[in-house]
There are 2 protein chains.
Amino acid sequence: MGDVARLAGVSAQTVSRVSNGFPGVTEETRRQVLAAMRELGYRPNSAARALRRGEFRTLGVITFSLSTMGNMRTLDAIATSAAREGYAVTLLPVAVPTQDEVNGAFSRLGELAVDAVIVILETHLLDAATVSLPPGVPVVVADSDAGDRYTVVDTDQAGGAREAVRHLLDLGHGTVWHLAGPEDSFAAQRRTNAWRETLTAAGRTPPPLVRGDWSADSGYRAGLRLADEPGCTAVFAANDQMALGLLRALHERGRLVPEEVSVIGFDDIPEASSFLPPLTTIHQDFAEVGRLCVEGVLGKMRRETSGHGTTLVPTRLVRRHSTAPPPNR
Amino acid sequence: MGDVARLAGVSAQTVSRVSNGFPGVTEETRRQVLAAMRELGYRPNSAARALRRGEFRTLGVITFSLSTMGNMRTLDAIATSAAREGYAVTLLPVAVPTQDEVNGAFSRLGELAVDAVIVILETHLLDAATVSLPPGVPVVVADSDAGDRYTVVDTDQAGGAREAVRHLLDLGHGTVWHLAGPEDSFAAQRRTNAWRETLTAAGRTPPPLVRGDWSADSGYRAGLRLADEPGCTAVFAANDQMALGLLRALHERGRLVPEEVSVIGFDDIPEASSFLPPLTTIHQDFAEVGRLCVEGVLGKMRRETSGHGTTLVPTRLVRRHSTAPPPNR
DNA sequence: CCAGTGAATGTTTACGTAAACATTCATTCG
DNA sequence: CGAATGAATGTTTACGTAAACATTCACTGG
């Protein structure tokens with residue numbers, strides 16, 4: 001900065017003013033400074049800036065390393081929204097979803113150049129971890145409950161699951177089987193609970209729960225079992241990948257979809273419309289979740305908002321061709 | 001730091017030594033300093049550290065916002081490898097793949113707290129952009145040619161495509177159709193070129209090219225056309241998503257896979273094994289690409305390596321059930 | 001027993017920037 | 001015509017850290 005100032009024949013402060021677009025600089029002076037900057041290839045040093053200003057203009061995102069599609073898309077939306085606000089996004093990958101790893105990520109975070117944190121993580125791992133967060137750092141949690149302890153932004157998991165089950169009941173199915181996600185996922189839990197409640201509220205008996213691990217393979221294995229259940233005419237899979245595996249298993253067992261068995265997914269991944277048959281599913285607005293996460297932490301940083309609470313992003317039923325009325329008996 | 005020093009009854013420099021794990025501090029003193037740190041909730045200020053040390057321990061990654069699966073997985077591997085080396089990863093999303101956007105990302109980068117840059121981007125967009133990169137910042141490019149101008153790490157696209165075509169020819173198919181990716185993608189180009197060359201080298205005539213845009217939908221539309229080609233018994237799709245759409249189109253048109261038509265994909269996405277039928281495809285090692293990218297920039301930063309060149313990560317044929325010998329005529 | 005040695009710790013300084021305050025100087029107005 | 005005004009620019013300082021150098025002091029060997 002000093003070199004630029006010398007070359008332009010001004011003081012360093014004037015260079016600073018130009019570099020920050022502050023008023024009170026003659027057009028003439030500004031041009032000279034800009035010319036000097038270009039000639040010397042000047043770049044403001046962001047470390048010095050951050051030190052001086054006390055902020056990094058950077059958001060940290062903690063998430064699992066080999067994460068799900070949905071998390072990736074949320075991350076993508078976060079990065080885009082943050083960029084629009086002039087913030088960069090720093091990734092804090094957690095290799096394995098264990099408490100130790102999460103604690104490690106949070107303690108690294110303590111030393112990290114970050115103004116706020118967005119967490120995309122299962123709540124139970126979060127509980128013990130947050131203690132090591134530097135106090136005063138705004139946090140928003142995606143994909144979790146804990147609205148009483150943190151600010152949470154999430155898809156309306158329960159609403160979506162309810163919509164899925166209702167759709168199948170409305171088509172005339174006596175009950176709806178459920179291919180659930182892993183036990184330790186809160187999103188999976190909420191979908192499962194909503195499934196059970198909707199069924200019970202409609203006076204139906206929930207069939208035994210079938211559990212997968214989000215992967216298409218686990219959906220396939222579960223599907224093999226479900227194909228042999230004679231009374232099974234409708235299945236609500238907790239995500240599209242498992243629905244894909246389910247579809248394959250039913251096909252291999254000669255069970256027609258949707259004529260004999262209806263299948264509905266959750267997420268609406270881009271490929272869902274190309275499944276065989278095209279999958280009816282619950283659309284999640286990941287972009288909106290990401291946007292609201294960024295809005296949330298920025299609001300906290302500007303002290304506009306405070307306190308906790310949960311913001312729910314609505315889902316949408318996408319009707320395609322994997323659901324139909326049950327076969328006549 | 002001063003407060004900690006005062007509380008521990010030592011100088012700030014000793015606090016610094018403890019905080020950096022330097023030798024030459026009595027165990028007794030160290031304990032006292034650590035206790036003071038804990039009591040005051042001291043966190044080293046990373047801006048000041050970066051300013052003092054001249055490095056941020058952060059890698060920048062430039063990539064498209066709504067990116068492909070593969071890019072996401074590469075990013076994931078980069079973040080993991082970087083974390084292992086003590087580096088954080090900052091994302092520089094490019095909203096739209098236009099020259100303007102890329103230029104914008106690069107100029108934001110100039111002010112960003114980043115020691116090196118990994119670019120996951122099509123080369124033609126890169127060419128005009130790099131000029132604005134601060135000189136001396138190590139760059140590694142993934143998923144691109146340009147080995148003469150940058151250090152490049154990439155999947156062996158040509159090798160993979162060759163393997164795919166050979167596999168189909170070995171099964172006895174007279175020729176292989178190709179469902180290509182978008183024209184402006186270099187990965188797609190290389191796969192297409194290798195397809196053509198392998199066919200020509202084997203003395204076969206390449207059928208007309210069918211083009212998609214990586215999406216399952218475009219694969220579906222292309223598949224509708226291919227289903228009506230009487231001579232078409234084998235198709236090499238440039239990625240698994242398009243293969244999925246292709247599978248659906250062929251199914252709808254009553255063309256059996258693999259009995260009548262063989263289909264091979266590229267990528268080996270986790271879902272590929274659950275397609276109908278499970279997809280034979282070319283496995284890409286995204287994790288290795290990411291790892292090598294990080295290794296590349298770190299090597300450059302330590303001045304161990306320099307100059308350009310391309311590192312190719314080998315692919316692997318994964319045989320599943322979407323390919324078979326052609327039907328007897 | 002004293003000079004010499006080296007480990008432990010302290011002091012000074014600079015990293016690049018921007019806020020706060022100070023100065024200059026042309027203009028305006030009574 | 002001189003004081004007052006305010007825009008343009010300059011000077012000083014502090015942000016938190018760590019490298020370089022300085023000091024202290026206990027201990028060793030001659």
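Any value given below was found using the heavy atoms of this structure, including those in side chains, with hydrogens, waters and symmetry copies removed. Here is how names work: the chains are called A, B, and so on, in the same order as the sequence lines, proteins then strands, and each is numbered from 1.
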Quiz item: Which part of the nucleic acid, if any, lies within reach of A/Ser16 when heavy atoms closer than 4.0 Å are counted: base, sugar-phosphate only, or nothing?
Solution: base
Exercise. State whether the side chain of B/Thr14 and the backbone N or O of B/Ala12 hold a donor-acceptor pair below 3.5 Å, judged by distance alone.
Key: no
Quiz item: Taking for each residue the nucleotide of DNA chain C bearing the nearest heavy atom, is the 5' side occupied by B/Ala12 or by B/Arg52?
Solution: B/Ala12
Quiz item: Any idea which of C/dT17, C/dA18, D/dA18 is nearest the A/Gln13 side chain?
Solution: C/dA18
Practice problem: Using the ring of B/Phe22 (Phe, Tyr or Trp, six-membered ring only), decide whether B/Arg17 places NZ or CZ under 6.0 Å from its centre and within 45 degrees of its axis. | Solution: no
Quiz item: Just by distance, with hydrogens left out, do A/Ser19 and A/Arg49 show a side-chain donor and acceptor under 3.5 Å apart?
Solution: yes
Exercise. Please state how far atom CD in B/Glu55 lies from atom P in C/dC15, giving the value in whole angstrom units.
Key: 17 Å
Quiz prompt | Presence of donor-acceptor pair under 3.5 Å, side chain of B/Arg17 and base of C/dG10 | solution = yes
Quiz item: Has B/Thr29 got a side-chain N or O lying under 4.0 Å from the OP1 or OP2 atom of C/dA8?
Solution: no
Self-check item: Nearest to side-chain heavy atoms of A/Pro44, which nucleotide of C/dT17, C/dA19, C/dT9
Solution: C/dT17
Quiz prompt | Most 5' of A/Asn20 and B/Val10 on DNA chain C, judged by nearest nucleotide | solution = B/Val10
Exercise. Tell me which nucleotide among C/dG10, C/dT9, D/dT17 gets nearest to the side chain of B/Thr26.
Key: C/dT9
Exercise. Among C/dG10, D/dT11, C/dA18, find the nucleotide with the atom closest to the side chain of A/Ser19.
Key: C/dA18
Self-check item: Euclidean distance, atom CZ of residue B/Arg6 to atom P of C/dG10 [Å, nearest integer]
Solution: 13 Å
Quiz prompt | Minimum-distance nucleotide to B/Ala48 side chain [options: D/dT17, C/dT17, C/dT9] | solution = D/dT17
Quiz item: B/Met37 CE to D/dT17 C1': how many Å, rounded?
Solution: 12 Å
Exercise. Would you check if there is a donor-acceptor pair between the side chains of B/Arg53 and B/Asn20 at a distance under 3.5 Å?
Key: yes
Quiz item: Between atom CG in A/Asn45 and atom P in D/dT17, what is the gap in whole Å?
Solution: 16 Å
Self-check item: Nucleotide D/dA8, atom C1' - distance to CD of A/Glu27 in whole Å
Solution: 14 Å
Practice problem: To the nearest Å, give me how far apart CZ (B/Phe56) and P (C/dC15) are. | Solution: 15 Å
Quiz item: What's the CG-C1' distance between B/Leu51 and D/dA19, to the nearest Å?
Solution: 13 Å
Exercise. For B/Met1 and D/dA19, give me the distance from atom CE to atom P, rounded to whole Å.
Key: 10 Å
Quiz item: For the side chain of A/Arg53, counting heavy atoms from C-beta on, which of D/dT9, C/dT17, C/dA18 is nearest?
Solution: C/dA18
Self-check item: Distance, nearest 0.5 Å, that separates CZ of B/Arg291 from CG of B/Asp285
Solution: 9.0 Å
